[in-house]
2 protein chains.
Amino acid sequence: MKHAMNQKPDYEKELRKAGVRITRPRRIILDILTSTEDHPDAMKIFHRAIEIDDSISLSTVYRTMNLLEEMGAIHRHAFNGGPSRFEQAHGEHHDHLIDIETGDVIEFQSDKIEKLQEEIARSLGYEITHHRLELYCRKITPGE
Amino acid sequence: MKHAMNQKPDYEKELRKAGVRITRPRRIILDILTSTEDHPDAMKIFHRAIEIDDSISLSTVYRTMNLLEEMGAIHRHAFNGGPSRFEQAHGEHHDHLIDIETGDVIEFQSDKIEKLQEEIARSLGYEITHHRLELYCRKITPGE
DNA sequence: TTCTTTTTGCAAACGATTTGCATTTGCATT
DNA sequence: AATGCAAATGCAAATCGTTTGCAAAAAGAA
């Protein structure tokens with residue numbers, strides 16, 4: 001089992017190549033996404049964005065998240081059925097451990113689990129297109 | 001790996017014991033839940049309910065789902081970030097394979113995966129309170 | 001049956017997200 | 001640098017799933 005790590009790919013280039021205009025709001029939102037370690041929701045991204053340019057609207061945040069998701073640049077999660085939370089789609093696939101007390105998210109990856117999932121799906125006559133594994137956890141306090 | 005199976009526990013007794021009144025809407029909704037194989041959302045339950053008694057309201061469905069969830073009689077899922085879908089909490093824990101073409105849900109259970117999850121959480125300093133494993137799949141068509 | 005309390009149906013409120021539309025902007029072209 | 005046009009924006013209104021306040025109705029104990 002290994003931790004995932006943040007990289008910083010050049011999304012502007014990719015967007016341009018896909019024929020998407022690179023506007024001021026988009027640049028700012030991309031910056032926020034590539035420079036954060038957490039998994040913010042649209043409202044959080046919006047608030048960080050208007051600190052840089054207060055003319056940015058919430059709908060643009062939502063529209064941009066949809067755009068980036070379609071392009072595969074970000075991933076969307078709905079932990080606990082709450083609002084969508086986003087993260088840049090850096091390199092490797094990983095799953096999530098969510099601290100139910102703080103909402104913090106830890107990323108992890110297990111080849112063994114992935115293999116078992118494939119096996120199960122196959123034995124039921126299916127192939128996996130994507131999956132979602134979330135561990136809702138409480139921190140272990142050694143002294144109790 | 002094994003499939004889960006439907007049972008039909010006597011929820012009315014449990015509800016009474018918990019000091020909850022057993023009303024006509026509740027009886028009908030419980031009946032729907034214990035006699036279905038699928039994972040219906042509130043709207044679907046509502047429609048099935050008004051076929052039996054057209055005076056039942058959607059808010060009562062929602063209220064009842066919340067009640068039953070708190071009592072541990074049902075489980076709530078939010079596949080794909082869509083509306084909550086429910087199932088009776090029959091016996092053993094299981095995970096879900098969702099057919100992305102039809103929305104059908106197949107239940108499965110893997111001790112091996114559960115064990116690995118525990119290990120991972122522990123190695124990160126956490127204990128799992130609950131988890132969620134969903135495999136979004138497409139049916140394998142042998143001839144292509 | 002009567003009383004008290006819980007539950008209901010309804011309509012209005014809600015939070016997250018999407019949409020229509022007029023205006024502004026990016027950017028390819030002069 | 002100025003022009004033109006499609007694409008993107010901001011705003012407000014709409015939408016979807018869900019919750020809530022409240023007066024009326026029903027459950028269950030006496």
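Throughout, protein chains are lettered first and strands after them, A, B, ... in sequence-line order, and every chain is numbered starting at 1. Model, not experiment: these values are computed from the prediction.
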For the student: nearest non-hydrogen atoms of B/L58 and B/A42, plus distance
CD1-O, 4.2 Å

Protein-nucleotide distance (B/M71, atom CE; C/dT7, atom C1'), rounded to Å
15 Å

Whole-Å distance separating the CG atom of B/L58 from the C1' atom of D/dT19:
11 Å

Return the value, rounded to whole Å, for the distance between atom CD of A/E69 and atom P of C/dT17.
11 Å

Rounded to the nearest Å, what distance is computed from the CD1 atom of residue A/I56 to the P atom of nucleotide D/dA8?
16 Å

Would you kindly give the CE-to-P distance between B/M65 and C/dT7, to the nearest whole Å?
16 Å

Give a yes or no on whether a salt bridge exists between A/R48 and A/D38, defined as a side-chain N under 4.0 angstrom from a carboxylate O.
yes

When both hydrogen-bonding distances must be under 3.5 Å and the geometry is Watson-Crick or G-U wobble, what is D/dA30 paired with, if anything?
C/dT1

Could you check whether B/N66 gets within reach of a base, just the sugar-phosphate, or nothing at all, counting any heavy atom under 4.0 Å?
sugar-phosphate

Taking for B/R24 and for A/L67 the nucleotide of DNA chain D with the nearest heavy atom, the one nearer the 5' end belongs to A/L67

Rounded interatomic separation in angstrom, taking CG from B/L15 and P from D/dG28
11 Å

Return no unless some side-chain N or O of B/S57 is found under 4.0 Å from OP1 or OP2 of C/dT8.
no

Is it the case that the base of D/dA8 and the side chain of A/R26 share a donor-acceptor contact (distance under 3.5 Å, atom types as modelled)?
no

Using a 4.0 Å heavy-atom cut-off across all strands, classify B/R16 as base, sugar-phosphate, or nothing.
sugar-phosphate

With no angle test and no hydrogens, is the base of C/dT5 tied to the side chain of B/R21 by a donor-acceptor pair under 3.5 Å?
yes

For B/T23, answer base if it contacts any base atom (sugar-phosphate contacts may also be present), sugar-phosphate if it contacts only those atoms, and nothing otherwise; contact means non-hydrogen atoms under 4.0 Å.
sugar-phosphate

Atom CD1 of B/I22 to atom P of D/dA29: distance rounded to whole Å?
13 Å

Take B/R27 and B/S84, find for each the nucleotide of DNA chain D with the closest heavy atom, and name the residue whose nucleotide sits nearer the 5' end.
B/S84

Under the 3.5 Å rule, do the base of C/dG20 and the side chain of A/R63 count as making a donor-acceptor pair?
yes

Side-chain ion pair, B/R24 and B/D53, N-O less than 4.0 Å:
yes

Tell me whether the OP1 or OP2 atom of D/dT9 has a side-chain N or O from A/S59 closer than 4.0 Å.
no

For a quick test of reading the model, state the closest non-hydrogen atom pair linking A/F46 to A/I56 and the distance between them.
CE1-O, 3.2 Å

Reference residue B/H93; test ring-ring contact (aromatic ring centres under 6.0 Å, His included); the match among B/H131, B/H75, B/H130:
B/H131

Whole angstrom is fine here: how far is it from CZ in A/F86 over to P in C/dA16?
12 Å

Under 4.0 Å between a side-chain N/O of B/Y62 and OP1 or OP2 of D/dT19, yes or no?
no

In the strands shown, is C/dT29 matched to any nucleotide by a Watson-Crick or G-U wobble pair with both distances under 3.5 Å, and which?
D/dA2

Test side-chain contact (heavy atoms from CB on, under 4.5 Å) applied to B/R76 and B/H39, B/E69, B/E87, the passing residue
B/E69

